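Only one structure is covered here, and it is reproduced in the block below.
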Amino acid sequence: MATDKTNLQLVVNGILNENPIFRLVLSMCPAVGISTTVMNGFMLGIAVLFVQVCSSCTIALFKNVIHPRIRIPTYTLTIATWVTVIDMVLAAYLPEAYAKMGIFIKLIVAFAIITMRLEMFASKENINASFWDGIGMGLGFMLGMMALGFVRELLGMGTLLGYDVLGFKPMLFFVLPLAGFFCVGLMMAFFNYIEIVYKRAKRA
Amino acid sequence: MKSGESVEKIMWTVVACLVPPLVLSVFIFGIQTLIITAVSVASCVAVEAATQKALGRRITIGDGSAVITGMLIAFVIPPGVSPLLPILGAVMAIAIGKHLLGGIGYNIFNPALLARAFLLATFPVAMTSAWLPPLSDMAIFSYLGTPLDAIATATPLAVLKTQGLGAFTDQFGVGANLYTNFFLGWRPGSIGETSGLLIVLGGLYLLYRGYITWHIPVTVIGTIALLSWGFGGETLFSGDPLLAILSGGALLGAFFMANDYVTCPTNKTSQLIYGVGVGALTVLIRLKGGYPEGICYAILLMNPVSPVLDGFFKPKRFAPLQGGAK
Amino acid sequence: MTTHTIRRILLSLALVLALPVLAQAQDLIAGKSFGKAPNEILVTFASAVDRAAVENPANYRVYEEQDPDIKLNLESVVLAEDGKTATLTFREPLNARLPHVVAVSGLAESGAAASFKVMKPYLGYLLSILVGSLLINNFVFTKYLGLCVFFGTSKRKDTAKGMGLTFTMVMVVSAIMSWFFYQFILKPYGLNFLQIVVFIGLVSLTVQAVDTVLRKVNPALFNAFGVYLVLVIANCVIIAVPLILADNEYNFLESFMLALGAGGGFLLALYLMSSVRERMELANIPTTFKGVPIAFIVAGQFALAFLGFSGLTLF
Amino acid sequence: MKDILTIIFRLTVACLLAGLVMGVAFIATNKAKKHNIHVNEQKVMLSLLGYSAKNPAPETVAMHEVYRYLVGEGEDLAMGYLLPLRDGSFSFVTIDLAGTFVAQAPVAITAEKATEAEERTLAIGAAIGAGKAIRYADQTIVVTNNGKRTAYLLPGRFPGFKTFISAILALDPNFSILGLEIMEHEEDPGLGGEIVQNYFKKQFKGKSLETVKKLEVVKTPLPDEYRKALEAEKNGLGAEEVAGIQEQYKDNDIYALTGATISSRSVTNGVKAMVKKFAYRLAILDRVLVEQHIATSF
């Protein structure tokens, strides 16, 4: 079975229709825990993008030699390997950002989204499609995290990417990790609302 | 609700019971408290009307439930804060805490306390330091327009927690004098923390009318007294139970918040357990926790336990009662 | 490598050799603890002692275990009426979080000396790890981990109970295995960078083992809980616990407590959330919020309530 | 059976491949990681001494690391210092608890390897002979300019309100505080978390040893002009004006953070203990160095 979608469609699909955070409701822990600034969202997004793309390609490349009965362990091993690699790279070259992510970089290994994409997509498609699907999913995750980070950084600290935008701190609440619950809930509802409005407009 | 009377009547009676402490606090802290309360009530009513309109529901601001929430928010925050705080609190309490969950009768947490927890997390400095010292000369307009830093003081429980018993007795006295002052309300604190006397009178009136039952207030106060006596002192059984009840928001919490119809259990046995839980958590947070006063969080933590308790003691599935949000 | 190992053995030998000294002190000292006031240490002697000698501060040498060269300023020693309990009062408050060493000499007629450690009870420390991970740092509401499974399986009470119990079980077993692997293989051989792979492998292995055993031993239980086992692997709490253990260098008992607390906390969160969500089924929730969004908002309210535990120090 | 063999074979190959990838990444990044952590620490330390990218430290400034150990022999404890000598070699000096010199032993280690804990432990162990156990205690960095001591940097860790706070403290040769930097903490955001703000941590600057010994925390609000001076970087106050205000407040106690007295007190007590212990130990060490004619590089 090969996908009939073009590369661009695969990417857009990951960002919009099957956005890992807001539509598939997967990998919520970092979305709540560390989406406090745009930069945090971007950094973790990069890490996830890297792991997703590398794992997707690896699995797509070796899909014919992976024994079906040890499918899941192989996926886990693949993901764990790439997570270890990105973990070491970030720790070495971006120690400050790495310190902010804390344990969440290592926890990418347990992100349901990556395993799910390997099982549902990469194990059936060719490398090219898997690569673009990985890019789409990674970007979707990254953009979702950055959108959350945008709202929380602006409202919580009055800054964007560390630059002072508002000149004052509107509400400390939004930088508290627990505000992530409210932000994710409200943003999800917002996207649901947009979908309803969009469908209604289409029908009319 | 045990009595056959209408929701509106009960709600407005509760409001009436909350007015005497408010009036007294105007004499203690000045007109500032009245402004905060007015802003809080007005914004709660406005937010209720706005959310109900936005969600296409019937607008029910006349039933008094939003007014009660507004008053209670003002009762649990420091009187010296900026009026912006109760407005934000109203959004949290009414819109997010109540209407998103299905409106009146369906909220899981007590809206006013949710607002307090939210404000405490958002404005930790203002919420822990904007207390006003009691006025000695009845000049109720004194604090208007004075910058916060110049007047901020500390509540008795905060003094006890951070500076110890010595500083506490230095500031607030000892013995009968201390108890009288605390019972009448002559001390820094939120409106709901001032006059134990008026709060108890209001609570007793509600009991007399049968609008609330004795189970929760008695168990909450009893547990606080017992545990504070047991563990609050230097050695076992040397704490001061009377002081524990009179300081902080113990009385307001026991009479007006813990037994809110919607968020407390319906069954009598569960109510007793629930009351003990609230009391125990209050003492735990007061003695060992990071905050000077614990009853707010104790009630919030027990709120989600009430459906569990009801499930244990009442095998049949129950439908939430209509109305009765406070 | 070899000299290193020898050094390690020597070090532990030195510790073992030092033990009799501490044990000897036990004969003279019946009890010791930090006092209620921040600048006190209470010492109870096993038998009546010479008052003049006990109350002479010069007979004492008290220091924080890590700073043996810095003697703490002992203001006075007061022996209680019973002649056994002495209160050591210091000029400055002590840091009760650190173990203190008290060395006494010239007490009895034979000039007996004793040296003993005063620290908060270890059991209290273990319990505080348990309560800490159960409530204060609840993995769901204050550490924001395991949310996918949390939202996925908290719709019904029965599911929540099953998931929580399975989860706690797998968590404890895998944490213990990870601890052994970390202490005896990863750390000594400098293979720390393999943490992630090893831990996730151990978790999968535990899940597989529990699956097989349960299927054979108790098919009824397997039918009830089997479905959750697969979900356990995709839960970040289960991999977070070994990582935290490795980071904090916890010992075996401490690791066990942390895993138990984390699992129990997850069970608690799931159970409370599920009973709340069952109640919410009857509520008229706005369409755009139905399902997951409202669950998030409620979880946020839970997290606000759990802030009440922040800063709680039990022992 | 054949199936199982294939599975095992393929799984082994997969593991080997994964191991290969991770091993390569480890070798490629490990050195950079160590280097970058070191560079970061250096940057913080230099900024505490008043150097920055605009105002780089002159070539004559050098940092000498002194590692302190607890040496145990049977039940006796003693202090041990790993000292860099003037000729570039290292020496381990043991001093007993009363402050008398016990022994000195040359340590065969290079300056580069001395920064690694494992290497140090091995080298010192070899130098002092069997039967003695050593435990790492702490580290001090002595800063010299043209061979004259200009500052001491003390990394330290003390309990905060929630968990431990780790910090670096800079002292001048008379033990007056040059600066304080909070490295790690888990205090509450907005409350205790404010310990990282200039208006709190810069209050310690300029306090003399005598002041620090008696330092307390007061709950009166921070005076406005003092706050302005402490946050001079933000509001562009002139250097002279700042110095004037700093001078005026230099013997005052620490103004507590609003709503976070416990965190403020923790930091103050932590700093107090660090300075007092260091001053006490350095006096002993210096006396021993003079008595024994040990030529250290600082």
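Naming: A, B, ... by sequence-line order, numbering from 1 per chain. Remember, it's a predicted structure, so these values are computed and weren't measured experimentally.
Rounded to the nearest 0.5 angstrom, A/Leu107 CG and C/Leu243 CG are separated by 6.5 Å. Note that CZ of C/Phe193 and CE of A/Met88 are 6.0 Å apart. Values are rounded to the nearest 0.5 Å. Rounding to the nearest 0.5 angstrom, the gap separating the NZ atom in A/Lys106 from the CD1 atom in C/Ile200 is 13.5 Å. The distance from atom CG of A/Asn192 to atom CZ of C/Phe289, rounded to the nearest 0.5 Å, is 9.0 Å.
When the heavy atoms of residues 250-260 of chain C are compared with those of chain A, none of the residues falls under 4.5 Å.
When heavy atoms are compared at a cutoff of 4.5 Å, C/Val298 does not approach chain A at all. Heavy atoms closer than 4.5 Å to chain A are found nowhere in C/Ile294, neither backbone nor side chain. Residue contact with chain C, scored on non-hydrogen atoms closer than 4.5 Å, involves the backbone and the side chain of A/Leu178 alike. Looking at A/Ile79, there are no atoms closer than 4.5 Å to chain C (heavy atoms on both sides), in backbone or side chain. Both the backbone and the side chain of A/Thr84 come within less than 4.5 Å of a heavy atom of chain C. Only the side chain of A/Phe104 comes within contact range of chain C, judged by heavy atoms closer than 4.5 Å.
Enclosure of atom CZ in A/Phe191 by more than 12 non-hydrogen atoms of other residues, nucleotides or ligands within 6.0 angstrom is indicated. The environment of A/Phe190 atom CZ is sparse: at most 12 non-hydrogen atoms of other residues, nucleotides or ligands sit within 6.0 angstrom.
Per-residue heavy-atom pair counts under 4.5 Å with chain A were compared for C/Val203, C/Val237, C/Val140, C/Leu145, and the maximum is reached by C/Leu145. Interface check for chain A: of the options C/Gly291, C/Ser204, C/Ala299, the most heavy-atom pairs under 4.5 Å are formed by C/Ala299.
Using cut-offs of 30° and 60° for the angle between ring planes, the A/Phe181 and C/Phe151 rings count as perpendicular.
Nearest heavy atoms, C/Cys236 versus A/Ala110: CA-CB, 3.7 Å.
Side-chain contact between C/Gln301 and A/Phe182: present, with at least one pair of heavy atoms (C-beta onward) separated by less than 4.5 Å. Taking the side chain as every heavy atom from C-beta outward, C/Val292 and A/Val184 never approach each other to under 4.5 Å.
Shown here are the side chain to side chain contact (heavy atoms under 4.5 Å, CB included) partners of A/Ile196, two or more places apart in sequence or in another chain: A/Arg200, C/Thr288.
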